[in-house]
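Predicted model, so just to flag it, every value in this text is computed and none were measured.
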Amino acid sequence: MDIEEKLARIGITGTLYKLFLTAVRLGGASVTEVAAEAGLPRTTAHDALTKLEAEGLIKFVDHGKRRFVVAQDPGILLERLEARRQMLSDVMPVLRSMYHHESGQPNVRFHPGPEGIRTALWDTLSGGDKVLRATLSMKELMAEPGLEEMERYLQERARRGTWLRVIRSVERDIVPIWPSSQEFRRELRYAPPDHTLAMTCFVYGNKVCLISSARESYGMIIDSAEFAAFQASLFDAMWSLSTPDIRPAISPE
C-alpha cells in the first residue's frame, strides 16, 4: 500500500492529497505556486487548501498582498488520529447504549480485575444522568478501587452536576465519610439493620453496574432497559425503608 492509499484511509484524497503533498514538498510557497505545482486551477486549489487549514495540516501566511501556504509538521496527522480515537473512545459507551437500546438486545460486559472495576465505575458517568441510584458497600470499595480513586470519581460526579442517591449499610461502613451534602450533590440513607449491602450497585439510564469485592475482583455492566427498570424499582422500595443520614462526617485518616 503506497502513501496515497494510506492517506486516503484518513480522508486525504484527490485534490486534498495533491495539495497536501505539494505543500509538504515545497515547504512554503504562494497559493498560485502550490496550485500550479499540483496542476490545479487557483480557485479550486484555494478552496481545498482552506479545508486542509481547517484540519490543521497547512496554514496561510499573508505577506503583503500575497498569501503563502506553509505545511504543518506531518506529525500533526498522528495527533489528529489520536484526537479522533479519544473522541470515539469518549462517545462509544453512549453509542453502544443507543445501539442496544434501539435493537432491543441486552448487552452484558464483564470487566475482570482492578482495572475492570475502575472501568465499570467510571462508566456510570457516561450516560449524562441527572441522578444515579446506588448501593455502596464501603468496606469493599475501600479495598478496591480504593479511597483515592473513589474520591476522584465522586468529585467528578459532583462537578458534572449529577446527584447520587445512595444507600449504605452501617455495618459495612469503615468510617462515616461521604455524608448527605448539597455541595457534593449526595443524599445518603442507611438500610434497615437486617439488610446487609455487601456489594456495590449503580442504576443509571438503561444500565446496571455491579462492582464486586476485591476478592472476586470484577466489574459488570448490564445494558438492558427492562433489567435497569427492575433494579430501579427494587432500589426505590429499599430507599423508602431506609433511614436518612443524620450522623456527622469523619474525615478518613
Side-chain angles (χ1 to χ4, degrees), residues 89 92-101 103-158 160 162-174 177-178 185-192 194-242:
S89 178
M92 194 57 64
V94 177
L95 292 175
R96 281 177 172 161
S97 177
M98 291 170 63
Y99 170 76
H100 290 293
H101 174 67
S103 66
Q105 297 298 313
N107 178 42
V108 179
R109 284 176 279 159
F110 182 79
H111 301 280
E115 184 60 33
I117 288 177
R118 288 190 288 274
T119 296
L121 174 67
W122 284 94
D123 186 80
T124 64
L125 299 182
S126 67
D129 299 72
K130 295 299 182 183
V131 179
L132 300 180
R133 294 175 171 91
T135 58
L136 301 187
S137 181
M138 299 289 282
K139 182 177 180 181
E140 281 69 31
L141 289 174
M142 291 302 97
E144 193 66 60
L147 178 61
E148 185 176 344
E149 185 74 6
M150 284 301 301
E151 289 284 6
R152 281 197 295 270
Y153 167 82
L154 293 172
Q155 289 172 11
E156 177 61 20
R157 175 193 55 74
R160 296 187 186 196
T162 302
W163 272 87
L164 179 66
R165 185 173 291 175
V166 57
I167 304 172
R168 295 177 359 209
S169 294
V170 172
E171 66 178 85
R172 308 302 290 186
D173 276 14
I174 299 175
I177 59 176
W178 308 331
R185 294 175 168 81
R186 179 172 51 238
E187 186 177 0
L188 168 64
R189 291 189 181 185
Y190 282 98
D194 56 339
H195 289 76
T196 299
L197 305 177
M199 191 170 190
T200 291
C201 175
F202 290 87
V203 183
Y204 56 109
N206 292 322
K207 297 180 184 178
V208 176
C209 168
L210 301 171
I211 295 178
S212 76
S213 65
R215 180 176 64 83
E216 295 193 351
S217 193
Y218 69 85
M220 182 184 298
I221 300 169
I222 303 172
D223 188 347
S224 165
E226 293 181 3
F227 186 68
F230 174 69
Q231 289 296 317
S233 295
L234 291 181
F235 177 93
D236 291 345
M238 176 68 77
W239 181 261
S240 68
L241 299 173
S242 299

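Under a 3.5 Å cut-off, the side chain of Ser169 and the backbone N or O of Arg172 do not form any donor-acceptor pair. Between the side chain of Arg133 and the backbone N or O of Phe235 there is no donor-acceptor pair closer than 3.5 Å.
Side-chain contact check for Ser242 versus Pro192: some heavy-atom pair is nearer than 4.5 Å. Contact of the Met238 side chain with the Arg189 side chain is not registered, since no non-hydrogen atoms from C-beta on lie closer than 4.5 Å. Residues Leu210 and Cys201 meet the side-chain proximity criterion, which asks for heavy atoms closer than 4.5 Å. Between Asn206 and Asp223 the shortest side-chain heavy-atom distance falls below 4.5 Å. Put simply, the side chain of His195 does not reach to within 4.5 Å of the side chain of Ile167, judged on heavy atoms. Contact annotation: the side chain of Leu125 never approaches that of Phe202 to less than 4.5 Å [non-hydrogen atoms, C-beta and beyond]. Counting heavy atoms from C-beta outward, Ser217 and Ile117 have side chains that approach closer than 4.5 Å. When side chains are defined from C-beta on, Thr200 does not count as touching Leu121, because their heavy atoms never get closer than 4.5 Å.
Both tests pass for Arg165 against the ring of Trp239: distance under 6.0 Å to the centre and angle within 45° of the axis.
Taken from OG in Ser213 to CE in Met199, the straight-line distance is 7.5 Å, to the nearest 0.5 Å. A distance of 9.0 Å separates CZ of Arg157 from CE of Met150, quoted to the nearest 0.5 Å. For the atom pair NE2 of His111 and CG of Asp123, the computed distance is 6.5 Å after rounding to the nearest 0.5 Å. Taking OG1 from Thr135 and CG from Leu234, the interatomic distance works out to 10.5 Å, rounded to the nearest 0.5 Å. The structure places CG of Asp173 at 10.0 Å from CG of Leu141, a figure rounded to the nearest 0.5 Å. Expressed to the nearest 0.5 Å, how far CD1 of Ile177 lies from CD of Glu151 amounts to 6.0 Å.
Heavy-atom contacts from other residues, nucleotides or ligands closer than 6.0 Å to CZ of Phe110 number more than 12.
Ion pairing between a basic and an acidic side chain is recognised when a charged N comes within 4.0 Å of a carboxylate O; Arg152 and Glu156 show no such pairing. We find that Glu140 and Arg215 are not joined by a salt bridge, their nearest charged nitrogen and carboxylate oxygen being 4.0 Å or further apart.
The only member of Thr162, Val131, Ile221 that meets side chain to side chain contact (heavy atoms under 4.5 Å, CB included) when paired with Tyr204 is Ile221.
In this structure, Met220 and Ala120 approach most closely via the heavy-atom pair N-CB, 4.2 Å. Arg168 and Trp178 get closest at one heavy-atom pair: NH1-O, 3.0 Å. What you find for Ser240 and Ala237 is that their closest heavy atoms are OG-O, 2.6 Å.
Inspection of the Tyr153 and Thr124 side chains reveals an N or O donor paired with an N or O acceptor under 3.5 Å.
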Next item on the list: Begin with the C-alpha distance, continue with both residues' side-chain angles, and end with the deciding distance and a verdict on side-chain contact (heavy atoms from CB on, under 4.5 Å) for Arg109 and Lys207.
Entry: CA-CA 11 Å; Arg109 284 176 279 159; Lys207 297 180 184 178; 3.5 Å; yes

